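Note that the coordinates shown come from a computational prediction; the quantities given were computed from them, not determined experimentally. Starting from 1, each residue takes its place in the sequence as its number. Note that these values count all heavy atoms, side chains included, but never hydrogens, waters or copies made by symmetry.
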Amino acid sequence: MKLPRRQFLHLTAGAAALSAVSHFAWAQAYPTRPVRLVVGFPPGGGTDITARLIGQWLSERLGQQFVIENRPGAGSNIATEGVARAAADGYTLLLVSAAHAINATLYDRLNYNFLRDIAPVAGIIRVPNVMEVNPSLPPKSVSEFIAYAKANPGKVNYASGGNGTAQHLSGELFKMMTGVVMVHVPYRGDAPALTDLIGGQVQVMFGSIPPSVEHIKAGKLRALAVTTATRAEALPDIPTVSDFVPGYEASAWYGIGATKSTPAEIIDTLNKEINAGLSHPKIKARLADLGGNVLSGSPADFGKLIADETEKWGKVIRAANIKPE
């Protein structure tokens with residue numbers, strides 16, 4: 001049967017409207033089954049702890065389990081590719097970190113484009129590193145350190161948890177902005193790097209705050225500055241690097257991403273609930289224990305952070321010719 005054009009168009013429009021209403025209703029009912037939150041690193045680190053904290057909050061708020069799935073490997077690229085290829089239905093999420101902004105330039109060939117394939121949902125936390133030295137080193141401030149390093153070019157070794165890590169790039173950014181010459185000594189993880197810093201085998205490190213705080217308080221390490229633009233609650237008496245090197249900022253940060261084309265209603269639901277968690281005293285206290293400050297805002301805010309960080313670290317990686325291990 002051939003329908004008149006006007007009747008055909010009317011029916012087509014009705015079907016489209018019904019489809020849109022059904023899609024909206026489906027998104028409004030989200031979630032109706034467990035949600036996977038994929039983490040590209042092993043259990044126990046800051047990335048994993050952050051994921052479990054926010055996953056528990058979302059489970060309680062939305063009435064479905066947010067299951068943490070650790071998929072370590074290739075600097076989080078394996079986990080990211082899996083989420084990029086997942087269905088765009090909000091049931092596979094990614095714990096996004098500074099590593100993703102770094103990897104976009106660090107790796108020549110990736111099977112995904114992070115800025116294109118992962119939709120920003122919400123920020124969670126920004127965590128400063130701390131510029132710390134072995135107490136045997138004379139400098140007691142960043143300005144004194146710069147003078148010392150310039151007077152001893154190539155004789156100051158700085159440690160990191162590996163090539164291409166946020167700590168490594170924090171050091172390279174410092175070198176670029178100050179003109180000092182330091183030798184990078186990469187380790188397989190933060191713990192051995194910190195051990196050698198305390199032992200004096202290396203002189204300086206842009207280390208994570210949580211494992212460093214007790215050593216700083218015990219006098220085994222000397223904190224010169226924190227790497228964020230503002231002071232850290234965990235080390236309130238320690239100045240920022242930018243107090244001495246204007247414009248310097250380097251930090252770890254975490255948030256949530258979803259597969260591109262995930263319905264806006266689902267992203268908005270997740271963003272609203274995550275921001276509610278970030279304003280809750282219990283969540284804020286737990287995040288403070290990680291040495292950071294909450295990173296609340298809209299999906300667009302988090303997307304801008306990711307884009308800005310990708311551009312900044314891309315420049316550092318290219319200038320220093322950094323390659324993955």
Any non-hydrogen side-chain atom of [X] less than 4.5 Å from a side-chain atom of [Y]?
| X | Y | answer |
| --- | --- | --- |
| Val83 | Leu93 | no |
| Glu132 | Leu221 | yes |
| Glu273 | Leu62 | yes |
| Thr262 | Asp89 | no |

Strictly by modelled atom types, are [X] and [Y] linked by a side-chain donor-acceptor pair under 3.5 Å?
| X | Y | result |
| --- | --- | --- |
| Gln167 | Asn129 | no |
| Ser141 | Ser143 | yes |
| Tyr91 | Thr32 | yes |

Is there a donor-acceptor contact under 3.5 Å from the side chain of [X] to the main chain of [Y]?
| X | Y | value |
| --- | --- | --- |
| Asp117 | Asn113 | yes |
| Thr240 | Thr227 | no |
| Asn271 | Ile267 | no |
| Lys175 | Met182 | yes |

- Message: Nearest 0.5 angstrom please: Lys282 NZ to Trp57 CH2, how far?
- Response: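 That separation rounds to 9.0 Å.
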- Query: When the ring planes of Phe206 and Tyr158 are compared, do they come out parallel, tilted or perpendicular, using 30° and 60° as the limits?
  - Reply: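 Because their plane-to-plane angle is over 60°, the rings of Phe206 and Tyr158 count as perpendicular.
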- Members sharing Val67's hydrophobic cluster (side chains within less than 4.5 Å):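 Members other than Val67 - counting any ILVMFWY side chain reachable under 4.5 Å - there are none.
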- Query: With a cutoff of under 4.5 Å between side-chain heavy atoms, which Ile, Leu, Val, Met, Phe, Trp and Tyr residues group with Val181?
  - Reply: none
- Message: Test of understanding: with side chain to side chain contact (heavy atoms under 4.5 Å, CB included), list the residues that count as partners of Pro186, not counting sequence neighbours.
- Response: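 Listed in chain order: Ser160, Asn163, His184, Glu325.
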- Query: Partners of Lys272 by side chain to side chain contact (heavy atoms under 4.5 Å, CB included), sequence neighbours excluded?
  - Reply: none
Considering only distance and modelled atom types, tabulate donor-acceptor pairs under 3.5 Å from the side chains of residues 101-108, sequence neighbours left out.
unit_1 : atom_1 : unit_2 : atom_2 : d
Asn103 : ND2    : Gly75  : O      : 2.7
Asn103 : ND2    : Asn77  : OD1    : 3.2
Asn103 : ND2    : Ala99  : O      : 3.4

In residues 312-320, what donor-acceptor pairs under 3.5 Å come from side-chain atoms, sequence neighbours left out?
unit_1 : atom_1 : unit_2 : atom_2 : d
Lys312 : NZ     : Glu249 : O      : 2.7
Lys312 : NZ     : Glu249 : OE1    : 3.1
Lys312 : NZ     : Glu309 : OE2    : 3.3
Trp313 : NE1    : Glu309 : OE1    : 3.1

- Item | Exceeds 12 heavy-atom contacts within 6.0 angstrom, atom CZ of Arg116 | yes
